[in-house]
Structure formats: structure tokens, C-alpha cells
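What follows is a short report on a single structure.
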Amino acid sequence: MSDKITITFPDGNFRSVKKGINGFEIAEEISKSLAKESIAIKINSSIFDLKTRIEKDAKIQIIKKSDEEALDIIRHDCAHVMAEAVQSLFPETQVTIGPSIENGFYYDFARKEPFTLSDLPKIEKKMHEIINIGEKFTREVWSREEAIKFFKAKGEDYKVELIEDLDPNEEITIYKQGEWLDLCRGPHMISTKQIGKGFKLMKVAGAYWRGDSNNAMLTRIYGTAWRNEKELENHLQQIEEAEKRDHRKLGKEMDLFHFQEEAPGGVFWHPKGWQLFQSLINYMRLRQDRADYVETSTPELLDKSLWETSGHWEKFSENMFTTDPKEEKVFAIKPMNCPGAVEVYKQGLKSYRDLPLRMAEFGKVHRYEPSGALHGLMRVRAFTQDDAHIFCTEDQITEESKIVCDLILSIYKDFGFNDVRIKFSDRPEKRVGDDSVWDKAEEALKQAMEATGLEYTFNPGEGAFYGPKLEFVLRDAIGRDWQCGTLQVDLNLPGRLGATYVAEDGQKKIPVMLHRALFGSLERFTGILIEHYAGHLPLWLSPSQVVVATITSESNKYAFDVKDQLSKNGLRTEADIRNEKIGYKIREHSNAKIPIILAVGKKEAEEKTVSLRRLGSQETLVVKLDELISDLKKESLSPIN
RNA sequence: GCCGCAGUAACUCAGGGGUAGAGUAAUUCAUUGGUAAUGAAUAAGCCGGCGGUUCGAUUCCGCCCUGUGGCACCA
């Protein structure tokens, strides 16, 4: 038997090495600098500690600190170092879990007094000390009994619970760094020193043990970690950039909307915000008209019994607003539009010839969202859905679903959202209807997805209580994901609410109902657009499109003349004839995110021109008034016109 | 809903057991100017609400409301 094995590198080169060699030794054989740089090894597509012995022929790749794959390991190491720092500073603290996450890591601690922001600098300082010492990470395999005994003795109840719940066949591995140790699968780097300085503790938060609100609340510390300080700096700057785009901040600055104490989760739309909101509705209405939808409107208050019949009451009564019973009847404020839509459908006898019937409604719904969930326009208690219910036959599900998918993607493109992901969710635990019906609904939706050829990910158990659903997640200008559109195949509610149609054979049948929303919540979508565009709305959406600003009062008359002509041509225009310097006016209107500022003075008045300046540009352009009007008329058209 | 943090002038924020502060905005006056802040003066506050401690609370303590960062939830 040979004591040699063959390792193959990513570039296809291979070499014969002694059996039982580890990644560090391989790196050293190649070069000293590589050995210094390396932190882990990929063996046949799984990542291991650098010191892991290789016993068989394998494809390997040395992971250097500068590699993309290093991030996860650095972050996980950071979590361990933070836990050590915390336990050395606050010995009464129990550790639980501490994974790496997007952009960083966290660790959940159990402690009587939750940590506060003011504890972070101390912990961070201690972390730097631990990193500077350069404690070696070492891996050990323990027996289950040994591990349980050890953590029990230490009073680490959560760790004991974790070990007890591990798969009995799984090896129990412990990672030590200096004196401190943790139950962990790894991998880790060689030394804490390799973490470097590219990390920062960010915030503290409460988090339930094992993500279950029935369990104890732990105290979680979040950190961000990168390969070097420059990357960290970069990340912090990105956070700042996102804060600048915050729709709550911009909404105030642009005078779009406000919230107040008396209406938690309710939006007060100001004239400009409402203008934007209406532009979106008008756009969607046109798109729907062209896609053969009809539009309806149904009552906000419906007898509670209707919600019991639909099944909403059973699942969501806790989250529904109801009226104070002035008579026997209790009314519920609608949290969804579907029962109303079915009632409209049920008026008059429907034939298979009427199907598919695509019925839209810009319905305002109210949901009692948990107080902690509220967030600006993104999560409110009263919002407007661009809802529609497509009544169709089972045979039509695939085609109709495909049409909806195409419509959604086409609409998102009009706002510059080209990166859209689709999630497919199937039956949840708490649901209505027989499994055979669910089988049919899920199968139909899957077939529809096949027909579109679009890629999707699978979200088991996340469907609506009446049917499986698709969710459309779009990525904005700075790479954040927002879940907006949805399509749900419902073979349950139409039957429960008594909808029928007469089929070709003269028999009454129950139609299928597809629920779909494209923007989802208009309020939320407005918020997303504000952040996506950083307040720089395209001309067609901008509530104020043009400001005509005078240089001196001499040009007031001309300014009003320009404003009138633009207004007559459908451009939302204001004149600013205040006794202020032009620089002041430019600054103010730029801050208010007005897309186009026209400065007019003596010269412009004489020549019938304007001096045009666009938001975000320092350039000025002198243009003839009539040319400007025809250009802006074109530019301000919505994408559907 | 749970854990942490916050609430002071229209806005952004400082302050702190003894009559409340700044910048911006507003109002008035002067200034008529060429592309991101002209100058001066004036006025502006139940210091989120309710209780408690105290001679005295905007400040300290408790409860509540709202917001906020997470967790949980999201038809």
C-alpha cells in the first residue's frame, strides 16, 4: 500500500504528497507567503480547518484570507472571540449560538441584565486583546457524555440542550482558543490573530432562544466583520448611504407624508405624496386595462360571519379590526379584498364563457400588525393593495399564471427593477381544504412555473392558508431585496364562499380563483421607490416636476408666463418669485428633489428662453421655451403611454 | 407582542434636581442678485402622558403611549 496520495489543485495541476498531509503543509511546500496567507482548505468542495489531515486523493484549494470564502470563517471566528470576550468580562453570562451571517456575525447570550450599547466598546476592546495575543484555534472530538458533563458543570444549560438535540451519529467537536472553548462544527482559522482589525460591534437586540417566541429572550450582539479595515470602512459607508435614502427621512424632507401618535401604522399623505401615490395607481390602472382586467370596489366593513365562512376569522381574527357592536352584528374591517370580490362575482349567473374574469380592486385593507412590526411605509396597519382576483377554470390556471408573471416582470422593468427572484411556497400547517385539493393547486402552480421557464426557489410550508403562492422579490439600486408581488392559486375560498359557473355540459362548477398583487402594498411600494431612487424620482413620478425661479423681481411676469405654459401642457410646475438670491433658490429646490429648475432673468425673458438645471447636475443649459415644452411633454410621459 | 434605546421650539439636535439652549425654518425690515445658504431684528416650548420621590422634577423612579434597532409575526 502506498503512503502517497494525489492532490489536484483548482487549475488542474496535481502533485503527489504523503498521506495525512494537511493544508498548512501543502501551502508551505508551495511558498512561505502562501502559508502565511492561508486560513483554511477546501477539500472536494467542503471547507475544513487548514490542519485537517488529507488521507485520500482529493481536489483541494487553499483558502487565503483575501478569498471570498474567507469571509464566513473570519466572521465565525469573530463570533467565538466575542463570546470569549463577553464571558471574560461578564462571567455570569451563558453562551448559546453564534453564527456568521450576511455582512457579519452575532452571538446570543443568556444573561439576567441584557447588554446595552454602552457595553460594546468594552467588549470590542477585549476582542482586540484576544486577537493580538494570537490564541490558537484547536479542534477536539469529545464524547457526548463528556461534553454534556462538562457544560452542565459550567452551568451552560443552553449548550447542554444543543448537544442533547444533536443527531446521535454526529461527532461532537469542540473548538478551543486559549483557555476558552465552545461546541462548534468549525471550521476555524489557525489563530485569532488572523482576524485582524476589520470588524466592529454594531448593535444589541433581543432574540428568542431557537427563534421561538414561546422561549426565553436572549440578548444578541451583532457585529460586522471583513477581510481588512478598508472593507469594513466600505461597509460602514454603505450603511450611511442606505440611511440617506431612508424613505422616512426623505418623505419628511420632500413633504410627502407623515405619521402621528393618534394613528399608529396609518399614513397621512400630503398633497405631494398623494400625487405620487396617484401616479402609481394611474399607471397600474392603465396596465390592467390593457391586460383585460375590470375594476371594482367593495365595502370596507363586512359582517364577521363572512370572514368566518372564508376561514380568515379562524386564522387571523387576532389581527383583524372589528366594530364596536351597536347591534347584534359585528363587522370586521376588511384585511383582504377576496371575499368582497367573490360577492361581486356571485351577482348574476356566470358561464364558462365569462372566464377567465379578471377583477381588480385598489382595496384599502386594515390589519392589526404587532406593534413591533411597524416600520414607516414599509409595514403599516392600513394599506392599499393593487389587488386582483382572476376567476377561471382549472384548465386556465397555467395560462393565467403565466400572463400574471409576464405582467409583473414587465411592470418592474418600468421602474428599473430588472433583478427579480421568485419564491414558491406550498401548503402551511394551518390551512383549509383537503390535501387532494392542495395537491391539485400546487401541481397547477408548478406547471405554470414550468411554462414560464422562470427560475424559482422553494419555500416549504409558507403558502397562504387557502393556497400555494409565488412571491416576487425585487432587488433595488443598492442591492436590497424587497418582497412585493404575489400570485396565489386558490381552490378553496370560491367553494367556501359559494362561487359557481355553468360549465359547457350545463353543470354548475366551482371556479378557481387566482389572487394576485403586483406592487403589493401601494404604500410600501412608494417607500421602496423613494429609497430605490434616493428621492430622485423620474420625471413622470415626481410630484413637483418643474420650478421656475426668478433671478430678480423684474422677471416675475415672464416666470408666470413660463409656468402657465408648462402647466397647460400637463407639467406640474411652480413659480418661485421670492425675494431671494438664485443660489438660495437652487439650493432649496435641489434639496426638495425637484427634477428641473428653470432660472429666468432679464436675458431669458427677452429671448424667450430658460436656463435649465437638472437635479444632480451642476450644468445649466439655455433652451428655447417652445422646445423645452415639447421635450418635457415627451419626457414626462409614464412608461405605459 | 418580547428585549434594548429614544421622545426638549415647525425641523435637526444640545442640555440637565433650582424660571429652558443652538442651528435651520417662520415673521418683519433692509437688500433686486446669474446657478447649492444676503444681512439684521422679532417671535416661538405643558421638555410625550399619568403617577411617585423631593421644599422643588423637563432632569431621578414606576406605569402607559409613540417612535426606533432587532426577535417573533406578515392572509
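Below, chain A is the first sequence line, B the second, and so on; all start at residue 1. It should be emphasised that the depicted structure is a prediction, and the values quoted were computed from it without experimental measurement.
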Checking salt bridge (Lys or Arg N to Asp or Glu O under 4.0 Å) for the pair A/Lys585/A/Glu588: CA distance, chi angles, key distance, verdict? CA-CA 5 Å; A/Lys585 295 184 185 181; A/Glu588 223 180 42; over 6 Å; no
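- Below the 3.5 angstrom threshold, one finds a donor paired with an acceptor across the side chain of A/Arg379 and the base of B/C73.
- Regarding contacts with the backbone of B/A75, every side-chain N or O of A/Lys315 stays at 4.0 angstrom or more from both OP1 and OP2.
- Side-chain N/O atoms of A/Tyr584 include one lying less than 4.0 angstrom from OP1 or OP2 on B/A25.
- A 3.5 Å limit on both hydrogen-bonding distances identifies no Watson-Crick or G-U partner for B/G56.
- Base pairing analysis places B/C73 opposite nothing; no Watson-Crick or G-U wobble pair with both distances below 3.5 Å involves it.
- Atom name C1', nucleotides B/A44 and B/U27: the rounded distance is 10 Å, in whole Å.
- When both pairing distances are held under 3.5 Å, B/A14 makes no Watson-Crick or G-U pair with any nucleotide shown.
- Distances shown here put every side-chain N or O of A/Arg587 at or beyond 4.0 Å from the OP1 or OP2 atom of B/U24.
- Pair assignment for B/G51 gives B/C61, based on Watson-Crick or G-U wobble hydrogen-bonding distances that are each under 3.5 Å.
- Nucleotides B/U24 and B/A37 are separated by 14 Å at their P atoms, to the nearest Å.
- Look at B/G4: its Watson-Crick or wobble partner, with both distances under 3.5 angstrom, is B/U68.
- In terms of position along RNA chain B, the nucleotide closest to A/Tyr208 lies nearer the 5' end than the nucleotide closest to the other residue of the pair A/Thr552 and A/Tyr208.
- The distance from atom CD of A/Glu261 to atom P of B/C64 is 15 Å, rounded to the nearest whole Å.
- No N or O donor and acceptor, one from the side chain of A/Thr620 and one from the base of B/U35, sit under 3.5 Å apart.
- The pairing partner recorded for B/A41 is B/U27, the criterion being a Watson-Crick or G-U wobble arrangement whose two distances lie under 3.5 angstrom.
- Heavy atoms of A/Lys602 sit under 4.0 angstrom from at least one base atom.
- Under the Watson-Crick and G-U wobble criteria, each requiring two contacts below 3.5 Å, nucleotide B/U35 is left unpaired.
- The NZ-P distance, from A/Lys112 to B/G4, rounds to 15 Å in whole Å.
- When both pairing distances are held under 3.5 Å, B/U19 makes no Watson-Crick or G-U pair with any nucleotide shown.
- Comparing A/Pro264 and A/Ser371 along RNA chain B, the residue whose closest nucleotide (by nearest heavy atom) sits nearer the 5' end is A/Ser371.
- A gap of 30 Å separates the C1' atoms of B/A22 and B/G4, to the nearest Å.
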